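These notes are about the structure you will find just below.
In what follows, chains are A, B, ... by sequence order, proteins preceding strands, each numbered from 1. Worth saying up front: this structure is predicted, and the values here are computed from it rather than measured.
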Amino acid sequence: MYSANFDYHRAKSLSDAQRLLASNPGAKLLAGGHSLIPLMKLRLASPSAVVDIGRIPELRGISKSGDGIRIGSLTTHAEIAASADVQKSAAALAEAAGLVGDPAVRSRGTIGGNVAHADPASDLPTVLVALDAKIVAIGPKGERTISADGFFTGIMSTTLADDEVITAIVVPALAKEQGSAYVKFSHPASRYAVIGVAASVTSSGGTCSAARVALGGLVPHATRANAVEKALVGGGLDTTAIGTAAAKVGTDLGNEVTGDIFASAEYRTAVAPVYVKRAIAAAAARAGLA
Amino acid sequence: MATTVAAPARIFGSGIKRREDPRLLTGTARYTADITLPGQLYAAILRSPHGHARIKKIDTAAAKAAPGVVAAFTGADTEGVLQCIPCAWLVPGSELKVCPYPPIAKTIVRYVGDAVAVVVADSAQQAYDAVDLIEVDYDPMPATVDPEQAVKPGAPQIHTEAPNNIAFKWTVSGGDIEAAFKKADIVVRDRIIQQRLIPTAMETRGALAHYLPATGELTLWNTTQNPHIVRFIMSLVCNIPEDRLRVIAPEVGGGFGSKIPQIQGDFITVFCSMKLGRPVKWIETRSENYQSTTHGRDHVQDVEMAATKDGKILGLRCTVWAGMGAYLSTAAPGIPTILHGLMLSGPYQIGAVKEDVYGVYTNTTPVEAYRGAGRPEATFMLERVIDRLADELKIDPVEIRKRNLIPPFDNGHDVVTGLKYDSGNYQGALDKALTHAGYAALRNEQAEARKKGRYIGIGVGIYVEICGLGPSQVAGAVGFQGGLWESAIVRFHPSGKAHVFIGSSPHGQGEETTFAQIVADELGVSVGDVKIVHGDTETTPMGWGTYGSRTTAVSGAALAVATRKIKEKAKLLTSHLLEAAVEDIEYENGKFFVRGFPDKSKTIQDIALMANVAWNMPQGMEPGLEATTFYDPPNFVYPFGAHIAVVEVDAETGVVQLKRYVAVDDCGHQINPMIVEGQVHGGVVQGIGQALWERAVYDDNGQLLTGSLADYAIPRADVLPDIEVLHTVTPSPHHPLGVKGIGEAGTIVSTCTVYNAVIDALEPFGVESIQMPLTPERVFNAMSKKGP
Ligand SMILES: Cc1cc2nc3c(=O)[nH]c(=O)nc-3n(C[C@H](O)[C@H](O)[C@H](O)COP(=O)(O)OP(=O)(O)OC[C@H]3O[C@@H](n4cnc5c(N)ncnc54)[C@H](O)[C@@H]3O)c2cc1C
């Protein structure tokens, strides 16, 4: 398809990007283009202008920061999947980034764009919620840090303002005996998540001392599975305990479970516990428990 | 691809690399979309958003006033200029109702995607912008999309000429079907939905038309599998004499049948160029491709098989409702009939067969050939109910097949539907597949796994298919509105290099390579010295095109015969030059020599030079070294094979994992085993796609819900195992090279083989059938209903 006409601006720096956003009302940021351009081609989005931030070096790259790892918003899925640091301290994130779409999508798509776009079937929001990651954004009023848990508010909607630019994602460091994992049921055509489950569990001498489990794909936005988490904490991390906790996901799903011609809401609800169970078990294994 | 061929003695049979690939892989190939002419305009087509509606009013004023727009046309503008799009397979004895198929709808739109208007502008962007400005006032009408429902009383009527939406009713019968069912100890039944598929060639369809008002000549670059047919049909619809029409199929990025027919966009593009006297290009977007280029399959099948208690098949009786879409596409009626019903007895000795086929109009995109075209739908019916029979009788699925197979034959076998298979050794292919797969061990593995709650399934499928279409006399007898012969010209230049011109039109299959191998093998020239030219009606001889696995089977035969004519002439000229009797001239490895005197010889290059300079020709011999052959095959060819699939079903989620796929195919002698392997890979994968993922879905209003690649799932490499490709060799007795077609073979049996494997895996759950594609949800629901 052909998009409607639009003006194109390339930002040379972060401040240039902010200036261009301010002077072009109705403009959209363009990062990897793998969500925005399809929308524009289908004419589901017709911004008057795009501000291309794709070549701003300061927004790219993975570094260790005091209490975790800092991932520049322009870092691609492929870079995240291949990063030894991410694999080590945020295994679920590396796993999820490696399962995004296909190699072409992973080489172009960026974490910042993925998070800002907030497609309910995306992988990274789910993981970031489970890992208690922070989203760093800058706007006319300065920089702010937003917790991933709470950032996603609905189908393609977030608490980010139109004039804000995401600069980085910060993932906290691993605690002792903490492990994380992401399990995905991919749509055979789009490759987006039909069901995505991210889990992070911490054990203390075999007992689950902390757990964060997040769901994506089958709910309007990445959401924590509170009932599952509650059932896990304080219990063991053996197969039976995990299975029992996972079965609680039904109460976490709420009444807005996604259904489509490929997989109905009933089916997704029925098999969700299986994916929750598998994600927790894999996280527990990484925590050194299985 | 893992084929390794150690230093072959013969170029025929050698897996040399495809000469097509460097240009394809480096992006230097030129497709229709890549060709740009001076002064070129772009067309964008407005398509119906309704499955069925009356057009009350169209207003193109705003579009015409938009920037860059040169013209906008509606159906009314085509009145008297364009004829309706013809259907070219008029199956006899079927009360066929060919309803008017206008290139642009005039009063009623009948499917989402039906052309309504066109805008021509300086750029594609401007054309698409302007299309949005056309205002159409529609009066929506109820739609019908399911071929079985559409024939029922009260269903919306799509064409006044076709009551109850029935486009045709065709029956095939052979043997005494009543007696077979009366005699039967057991009858098994199934209802099978061959869901509608979207061919999804990598290149969408498109056209570039250049009409020269001064001469009345039109050149059309077209994404087609058959440029000569395009010229013929285009000349009829647009009233341009065939001698003023040149059709070029440049690089064509796959077709799978969807580039056989002439579709609305082709005629619209030509029309615009004729109106404006300028080159006009139209290239489908992918969404447009999904709506407007033809689809495949779409059968509802009721099948029943009669058998004795020891598993001997007595008869097969079926009723099929075959969706045709809103209009009859070029070859559509022949597919669920001739290419389907006649193959119903497959590789088995079945004494009686009867099938009633209803071709049904629905408010959907027209259906055409799709890789396999009719034969996968027949093979599936047979291979499915035979598994059901095995299940009922508690006989192993392999054993029950063995009890019914036609014994090996090498020169003709008559079957109950009236066809004469050319050669076959079905048991041989089956045995090879079983041995390679380790069938007995697989069954043990399955039993062990079940004890641990893991569900492995083993599927077996055997097929024989009809291809290499076909003798023209038969084509005429079955209502095909054309011939099915092919032609080839072999032309040697003075330097000994050769050009070959063929009427067929390869579009990815690799005949530029294999056909050079044929010439090299016959005449001893280097394969690199032979260039194959195809796809341009101005330079190539008449031919009917590339489909139905017929290019090597028919066009290749024409080429073999033409090269042999060259050889005969070369012998005559050699005998003259060496002053020996022609009976004493022998040929070996590119040399013509006097028997017993190998040093007294001429190479084909010597002969090419001498024939071209013509200084010393025998009396009466014409100069030049060129031969033309028009080859009409005496019969079809009947490739066959046996496939085995191993799957594992995740009992917790219903997800099917394909673990192994073994394909044994027999296409007679292989010119290039690497290319054969590639064809098998592609074919198998497309068949698996139907079993597991692909499905075109319409809602009740005729909206295509799977309108893009985000919803319509084609197979991906990462969910497929390495396909284990093996062969047996049973030459065709009537083909000059002993070859058969291989283009569709893989697709024909792989759908059912994988399906059978999944049902086999679910045996502990008592599952007998699941609608395709076997999505996790459907498998999960089938299991949950029964429980292990
Ligand atoms: C075929 C295909 C398959 C895919 N499969 C998956 C999948 O399986 N899982 C998955 O998670 N995703 C998938 N995606 C989406 C992919 O991950 C995208 O790359 C990603 O969602 C968006 O990132 P981007 O860099 O391409 O953003 P863009 O498309 O450039 O932008 C997306 C949106 O984010 C905004 N934006 C971009 N960067 C910033 C920023 N720094 N600050 C603020 N706003 C910003 C843009 O304005 C726009 O609104 C797929 C995409 C395609 C095309």
Check whether [X] gets within reach of chain B through its side chain, its backbone, both or neither, counting any heavy atom under 4.5 Å.
X	result
A:Asp102	side chain
A:Phe185	side chain
A:Lys41	neither
A:Arg43	side chain

What part of [X] gets closer than 4.5 Å to chain A, counting heavy atoms only: side chain, backbone, both or neither?
X	answer
B:Leu705	both
B:Arg695	side chain
B:Ser287	side chain
B:Asp711	backbone
B:Pro715	neither
B:Tyr128	both

Check whether the side chains of [X] and [Y] place a donor and an acceptor atom closer than 3.5 Å, and report yes or no.
X	Y	result
B:Glu777	B:Thr775	no
B:Ser123	B:Gln126	yes
A:Asp52	A:Tyr8	yes
B:Gln690	B:Gln194	yes
B:Asp114	B:Gln291	no

### Query
Does the pair A:Asp252/A:Lys230 count as a salt bridge with the N-to-O cut at 4.0 Å?
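Salt bridge between A:Asp252 and A:Lys230, a charged N being under 4.0 Å from a carboxylate O: no.
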### Task
Determine, using ring centers only, whether B:His295 and B:Tyr370 are less than 6.0 Å apart.
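For B:Tyr370 and B:His295, the ring centres are not under 6.0 Å apart.
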### Message
Counting heavy-atom pairs closer than 4.5 Å to chain A, which one of B:Thr706, B:Val697, B:Asp718, B:Leu692 comes out on top?
### Response
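Most heavy-atom pairs within the cutoff with chain A belong to B:Asp718.
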### Task
Would you mind telling me which of B:Asp650, B:Val719, B:Thr653, B:Thr285 has the largest number of heavy-atom pairs within less than 4.5 Å of chain A?
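Heavy-atom pair counts peak at B:Thr653.
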### Task
Look at atom CZ of B:Arg716 and say whether more than 12 heavy atoms of other residues, nucleotides or ligands are closer to it than 6.0 Å.
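Yes, enclosed.
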